[in-house]
There are 2 protein chains.
Amino acid sequence: MNKIDGEVAAEASVVKLKDVALRAGCSVATASRVLNGHSTVGAMERERVLAAAAQLGYVPNNAARALRSQSTSLVGVIIPTLDHAIYAKMVSGLQERLARNGKAVIISTSDYDLERERIQARLLVGRGVEAIVLVGIEHHPETVDYLRRAGVTPVFTYTNELGSSDAAVGFDNRHAGASVARFLLDLGHKRFGMIAGITHGNDRATERRDGFLAELTGAGISRREIVVVESRYNIENGRAAMRSLMQTYPRLTTVFCGSDILAVGAIKYCHEAGIAVPGEVSVVGFDNLEIAELVTPELTTLDVPAREMGEATAEALLRLGDKKETAIVTELPTRLIVRGSTGPVSPSGRPA
Amino acid sequence: MNKIDGEVAAEASVVKLKDVALRAGCSVATASRVLNGHSTVGAMERERVLAAAAQLGYVPNNAARALRSQSTSLVGVIIPTLDHAIYAKMVSGLQERLARNGKAVIISTSDYDLERERIQARLLVGRGVEAIVLVGIEHHPETVDYLRRAGVTPVFTYTNELGSSDAAVGFDNRHAGASVARFLLDLGHKRFGMIAGITHGNDRATERRDGFLAELTGAGISRREIVVVESRYNIENGRAAMRSLMQTYPRLTTVFCGSDILAVGAIKYCHEAGIAVPGEVSVVGFDNLEIAELVTPELTTLDVPAREMGEATAEALLRLGDKKETAIVTELPTRLIVRGSTGPVSPSGRPA
DNA sequence: CTGTTAGCGCATTCAC
DNA sequence: GTGAATGCGCTAACAG
């Protein structure tokens, strides 16, 4: 049985441009021109093509389009892990903003391993991505070079330094770490601990720690009196790290954690061990995740606008695509959210 | 300057199969065969091709491969939102497992809107995905039909019903809801409230609620005595819903929430309002997110193995690709995790 | 076992 | 303005 022209046609298994042209009574070339917005097409002709495409439910074959035009409308993103809300939020913002401009995102994860990141980058290049969004400024020496040679735009997030990328969207981790130190100093703290993320291959963790330490030593605190441990980002590790810290250095009055995840674990340990927060020890987190407001006391933390970072990254990508700009740095504001987990130190040197 | 054979060659801007063949001294067909693991190639020849590919850093052009072979190694996934950890975890498991088999995932979000889901599905088809992972069994009437006609494998998650899909990976939401009811009945509760997710277009929320209600009415509780409100999944809404519930029906002894997100908000409200949990009201969540262990008291909740669901989905997809199976149902275990937010009701009808 | 040939669906050059 | 022809990089027939 033939389809009757004008009825809501049952779509063929795959509608191709040829089918649209056939129905519109023109050549595929014309149909292609219309669908791609090339102005040089008669108004009537254009109408018919558009109508035909709509009726047939035409969806362009991206593989063919990509092969022909060298443009895939695909963006790759490599994050350490999707399990961490801070990255999930960033990807969410990126994906939604990009989708509005017809671009799709392919996601992959490196588990904080720069070598894996490099492999993933190659794979994404094979997939034809036009740009790759990376986290941080520190990468395998070959990664960015490789992207460059492949004509893929590298973009860094979680940093405000362009480095070897075409765009950086983020904030100054070092400054953020320093601002936490400043806040704690102003509260009168003298004995500091830090539970940092694993700094190996992770510039964000490194910078946060170094900014924190620099501010403290600048204030006359001896580096040797500051205890720093590193821990993978999960609650259980945060708890364990806090235990080891407090058992070894019971006189610490405050502990800065490189992530809320760790801070929340730290607070859990304090509960168990009967250590008052902030009475005996003040705890500060980083990221301002939802969990920061769930613990008791609520967590003082540095707010990172993850979703906005994803959106801003998308916008940078879009602008880069217009070729009007060649290098973009978007610095996002961070700010300290003071809640109940921090307090002043009494003149005796113990928290009030 | 010419590249010298044998040195670690600087990769050309884009290395093609032809380049590999050239260097290996064979035809592109042979090179293709080697790279695709077709056994019928001589050992020496295969060696040389492999070596050439490695030295040049050859990465196949997926667009061309896709166009020619109708196989893209691309899987699409449409989830309500990446902001909800339960979906982020699922995607994480899916992505990692698929990556091990050379498949990539394109992600998109529907914001719980079945019409948006339908649009996203079409877009993903245009991208050439071989399968699409959907959440739940309820979809726009055209969505699955469309996928079928386009030759794209539809897979449902968060459900154990095959429906119109080729594979279902998940659990019985109705049964899960019922098991929560059973647990609360056994504790002696008589006055029940529920903060469900928005059930419109969301079979998971609907089933959880219906299973809960069915078990209760089956136990002789009148439907009219059970108070159900619906709320979007975020903490603030959970808090507001709990407020409205407790202010209007102060005699409720227990409230079941369709997600830990809501439950956590509910508990926050109880803290503010001075309502003892579980002394005055028992609260149960759903999902067993990390946040369940962060609130005080810790949350009794139904564990949903989200990451495993993603992994199992990937495996179902892989098996479907082998064409040995044609329909796969994988039911995952859920179990109630009893923590501190629930307790028995005293003979007086109030919680003990 | 290996090379030659012919498209996959589309965007674009070139004629008209 | 519009149509016919070309080829993007690769894989799958087909020969040899």
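No hydrogens, no waters, no symmetry mates; every other heavy atom, side chains included, goes into these values.
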* Asked: Considering heavy-atom distances to DNA chain C, does A/K16 or B/S27 have its closest nucleotide positioned more toward the 5' end?
  -> B/S27
* To do: Assign each of A/A63 and B/T40 to its nearest nucleotide of DNA chain C by heavy atoms, then name whichever residue's nucleotide is nearer the 5' end.
  => B/T40
I want to check one thing: is the phosphate of [N], taken as OP1 and OP2, less than 4.0 Å away from some side-chain N or O of [X]?
{"X": "B/Y58", "N": "D/dG9", "result": "no"}
{"X": "A/S69", "N": "C/dA11", "result": "no"}
{"X": "A/R65", "N": "C/dA11", "result": "yes"}
{"X": "B/T30", "N": "C/dG3", "result": "yes"}

From [options], pick the nucleotide closest to the side chain of [X]?
{"X": "A/N61", "options": "D/dT2, D/dA13, C/dC10", "result": "C/dC10"}
{"X": "B/E45", "options": "D/dG9, C/dT2, D/dT11", "result": "C/dT2"}
{"X": "A/R33", "options": "C/dA11, C/dC8, C/dT13", "result": "C/dT13"}
{"X": "A/A29", "options": "D/dA4, D/dT2, D/dT11", "result": "D/dA4"}

Using whole Å, report how far [atom1] of [X] lies from [atom2] of [N].
{"X": "A/R46", "N": "D/dG3", "atom1": "CZ", "atom2": "C1'", "result": "17 Å"}
{"X": "A/N62", "N": "C/dC8", "atom1": "CG", "atom2": "P", "result": "18 Å"}
{"X": "B/K18", "N": "C/dT4", "atom1": "NZ", "atom2": "P", "result": "14 Å"}
{"X": "B/D19", "N": "D/dG9", "atom1": "CG", "atom2": "C1'", "result": "11 Å"}
{"X": "A/L67", "N": "C/dT12", "atom1": "CG", "atom2": "P", "result": "13 Å"}
{"X": "A/H38", "N": "C/dC10", "atom1": "NE2", "atom2": "P", "result": "15 Å"}
{"X": "A/L22", "N": "D/dA4", "atom1": "CG", "atom2": "P", "result": "12 Å"}
{"X": "A/Q70", "N": "C/dG9", "atom1": "CD", "atom2": "C1'", "result": "15 Å"}

Decide whether [X] and [Y] meet the rule of one side-chain donor and one side-chain acceptor closer than 3.5 Å.
{"X": "A/T109", "Y": "B/Q95", "value": "yes"}
{"X": "B/T40", "Y": "B/R33", "value": "no"}
{"X": "B/E117", "Y": "B/H140", "value": "no"}

* Asked: Under 30°, 30 to 60°, or over 60°: which ring-plane class applies to B/F156 and B/H139, parallel, tilted or perpendicular?
  ->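 Answer is tilted, since the angle falls between 30° and 60°.
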* Asked: Would B/R204 and B/E138 satisfy salt bridge (charged side-chain N to carboxylate O under 4.0 Å, His left out), going step by step from the backbone distance to the final call?
  -> CA-CA 9 Å; B/R204 289 89 62 209; B/E138 182 182 354; over 6 Å; no
* **Side-chain donor/acceptor contact of B/R68 with base of C/dG9 under 3.5 Å** => no
* **5′-ward residue of the pair A/G42/A/V28 relative to DNA chain D** =>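 In this pair, the answer is A/G42.
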